[in-house]
Amino acid sequence: EVPGKKLKKILVNGNEVKLWDPFCRSEKKTRAFNAIPLRIEHDDVSGSVTLEPFVLPHEDDFSSPEAFRAASGVAKWNQQQGFYIYREGRMIQCGGWLGMQATDEHLKLARIAFNFHRSLDDVVNLDIPKMRVRLPPDVRETLALAVAPVRKAARDAYDHPSRVKPGTTTPSGHPKPAFTTGAARPKSGSESFTLEEWSRLLLAKATRRERPVVENVLGRLNSKPRD
């Protein structure tokens, strides 16, 4: 995918290749989250990446059994969960949690587009063939905090089919990016967060210098009042 450009068809030896949308944006019950502009840094190099999270419908909530099977992808559901890595619009990695965790049956509905610029090749440890990234531990931690609400929503969708609110995306493309607090939030304005979820949001947004202050404040909020 290339932002601003719509791919019509691909031909191989005159045969049309069927296009596949890993995020199932044509499904009414796919849940789209606001795009997350996230700043990452490592070894004095920093820059911004964009995350676009989606929670796919439970099998019972897909438009048809055929659509559910098609959504499983080449590697099937469990191996297709997680991050889809795009370097300047070109997919270089399809699925997986980038060392954050192992695959989990309960998270198979979570798929997250991770878009980065070539200037961050060293930050994400892009290999020589430009086919795989290996994130440093501090970058993985930042990423894990940002997508924690997505993983929670994916688990809820897996455990409770038909309770997930329909998404607002259409087959025409991605939702418009929205600047957020640095962690994934559903597009619906009616969602609320627990203190634990707000803590993750604040920590994901804080810089290294700000983090000790934020942790101190959150510690006081979470501490039990004295009698």
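- Using modelled atom types, no side-chain atom of Q93 and backbone atom of Y86 make a donor-acceptor pair closer than 3.5 Å.
- The closest donor-acceptor contact from the side chain of T30 to the backbone of C24 lies under 3.5 Å.
- Note that the NE2 atom of H58 and the NZ atom of K29 stand 11.5 Å from one another [nearest 0.5 Å].
- Hydrophobic clustering, with ILVMFWY side chains joined whenever heavy atoms are under 4.5 angstrom apart, keeps Y84 apart from V74.
- Looking at E52 and N115, their side chains come closer than 4.5 Å, going by heavy atoms from C-beta outward.
- Atoms OG1 and CG, on T50 and L38 in that order, are 9.0 Å from each other to the nearest 0.5 Å.
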Trace of the side chain to side chain contact (heavy atoms under 4.5 Å, CB included) decision for L120 with V49: CA-CA 9 Å; L120 294 177; V49 302; 3.7 Å; yes
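- One finds a salt bridge joining R155 and D104 here, because a Lys/Arg side-chain nitrogen approaches an Asp/Glu carboxylate oxygen to under 4.0 Å.
- Rounded to the nearest 0.5 Å, atoms CD1 (I85) and CG (L135) are 7.0 Å apart.
- Taking the ring centroids of F68 and W77, they lie under the 6.0 Å cut-off.
- Between the CZ atom in F116 and the CD1 atom in I40 there is a gap of 8.5 Å [rounded to 0.5 Å].
- With no hydrogens or angles considered, a side-chain donor-acceptor pair links E105 and Y158 at under 3.5 Å.
- Judged purely by atom type and a 3.5 angstrom limit, D21 uses its side chain to pair as donor or acceptor with the backbone of F23.
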Audit row: R111, Q81, side chain to side chain contact (heavy atoms under 4.5 Å, CB included) steps and yes/no: CA-CA 5 Å; R111 295 181 182 177; Q81 66 184 260; 5.5 Å; no
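- Interatomic distance, CG of N78 versus CG of L107, reported as 9.5 Å (0.5 Å rounding).
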Steps toward side chain to side chain contact (heavy atoms under 4.5 Å, CB included) verdict (V150, V55): CA-CA 7 Å; V150 181; V55 173; 4.1 Å; yes
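- Cluster membership for W20 and F114, using ILVMFWY side-chain heavy atoms within less than 4.5 angstrom, is shared.
- More than 12 heavy-atom neighbours from other residues, nucleotides or ligands sit within 6.0 angstrom of CG on D60.
- Put simply, M91 and M131 are part of two different groups of oily side chains (I, L, V, M, F, W, Y) that touch within less than 4.5 Å, one to the next.
- Expressed to the nearest 0.5 Å, how far SG of C94 lies from CD of Q80 amounts to 4.5 Å.
- In this structure a side-chain-to-backbone donor-acceptor pair under 3.5 Å is present from D127 to R132.
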Working for side chain to side chain contact (heavy atoms under 4.5 Å, CB included), residues R39 and T142: CA-CA 9 Å; R39 191 164 187 82; T142 299; over 6 Å; no
From CA spacing to verdict: salt bridge (Lys or Arg N to Asp or Glu O under 4.0 Å), K28, D61: CA-CA 9 Å; K28 291 182 178 180; D61 294 326; over 6 Å; no
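- Within the 3.5 Å criterion, the main-chain N or O of L56 finds no donor-acceptor partner in the side chain of E27.
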